[in-house]
Amino acid sequence: MIVWIAMAFVGGVFVSLSRQINGRLSLSTSPLTASFWNHFVGLAVLTLLGLFIGGLFPEGATEAPWYAFIGGPIGVVFIASGSWLIARIGAVNTALLVISGQMVSGVALDFLSDQPPKIWATALGVLLILAGMVLTQRRR
């Protein structure tokens, strides 16, 4: 279990580092340029890994429905908006906004699933997220 926790931690560090670099790059260029370089470097690294390790084109990829590939355009918008936001509201507030958005989106997707969650637990979770956002915006 400790290996998976360590991997999650290292992944989080890399995501934070990537957001910082994208935010800094968007200050000196533009959010779209930062998004382009983020995706270009990611494509190059993942292509090399896929060629080296194997499985660049997994079996059944050509039979996937069109909406399986919608993550690419959503990723471009997400990276560009994140780069734009970091320059305006800061890295910490951007991270909090992203985490909160992911949590609330997860709750919305849970309601659409075959086994909807318990209302009281979901409402409590969303209230805690909103309370955390409000607390971070308070003046000292």
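No experiment lies behind these values; they were computed from the predicted model shown.
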| said: Applying a strict under-4.5 Å side-chain criterion to I, L, V, M, F, W and Y, I'd like to know whether Phe9 and Ile2 cluster together. | reply: no
| message | To the closest 0.5 Å, what do you measure between CG (Asn38) and CZ (Phe78)? | response | 10.5 Å
| task | Tell me whether Trp84 is reachable from Ile89 by hopping between hydrophobic residues (I, L, V, M, F, W, Y) whose side-chain heavy atoms are closer than 4.5 Å. | result | yes
| remark: Closest heavy-atom pair, Pro31 versus Ala80, reported as atoms and distance to 0.1 Å, is CB-O, 3.4 Å
| message | Tell me whether Ser16 contacts the main-chain N or O of Gly12 through its side chain, where contact means a donor paired with an acceptor under 3.5 Å. | response | yes
| said: Side-chain heavy atoms nearer than 4.5 Å, only ILVMFWY residues, links allowed to pass through others: does that put Met103 and Leu135 together? | reply: no
| said: What's the separation between atom CG in Asn22 and atom CG in Leu27, rounded to the nearest 0.5 Å? | reply: 11.0 Å
| request: Answer yes or no: does atom OH of Tyr67 have more than 12 heavy-atom neighbours from other residues, nucleotides or ligands under 6.0 Å? | output: no
| task | Flag the pair Leu43 / His39 as yes when at least one side-chain heavy-atom distance between them is below 4.5 Å, and no otherwise. | result | no
| field | Donor-acceptor contact present, side-chain Ser105 to main-chain Gln102, <3.5 Å | value | no
| Do the ring planes of Phe40 and Trp37 sit parallel (below 30°), tilted (30 to 60°) or perpendicular (above 60°)? | perpendicular
| message | In the structure I gave you, are the side-chain heavy atoms of Ile21 and Arg24 within less than 4.5 Å of one another anywhere? | response | no
| message | For residues Val98 and Ile79: do they belong to one hydrophobic cluster (side chain heavy atoms under 4.5 Å, members Ile, Leu, Val, Met, Phe, Trp, Tyr)? | response | yes
| field | Interatomic spacing from OG1 in Thr94 to CD in Gln20 - rounded to 0.5 Å | value | 9.0 Å
| said: Within this structure, what is the CD1-CG distance for the pair Ile119 and Leu124, rounded to the nearest 0.5 Å? | reply: 12.5 Å
| task | Examine Val41 and Phe52 and state if one hydrophobic cluster contains both, with Ile, Leu, Val, Met, Phe, Trp and Tyr joined whenever side-chain heavy atoms are less than 4.5 Å apart. | result | yes
| message | Looking at every heavy atom in both Thr33 and Ser30, which two are closest together, and how far apart are they? | response | OG1-OG, 3.0 Å
| field | Nearest heavy-atom neighbours spanning Leu46 and Leu56 | value | O-CD1, 4.4 Å
| Do side-chain atoms of Thr122 reach the backbone of Lys118 as a donor and acceptor pair under 3.5 angstrom? | yes
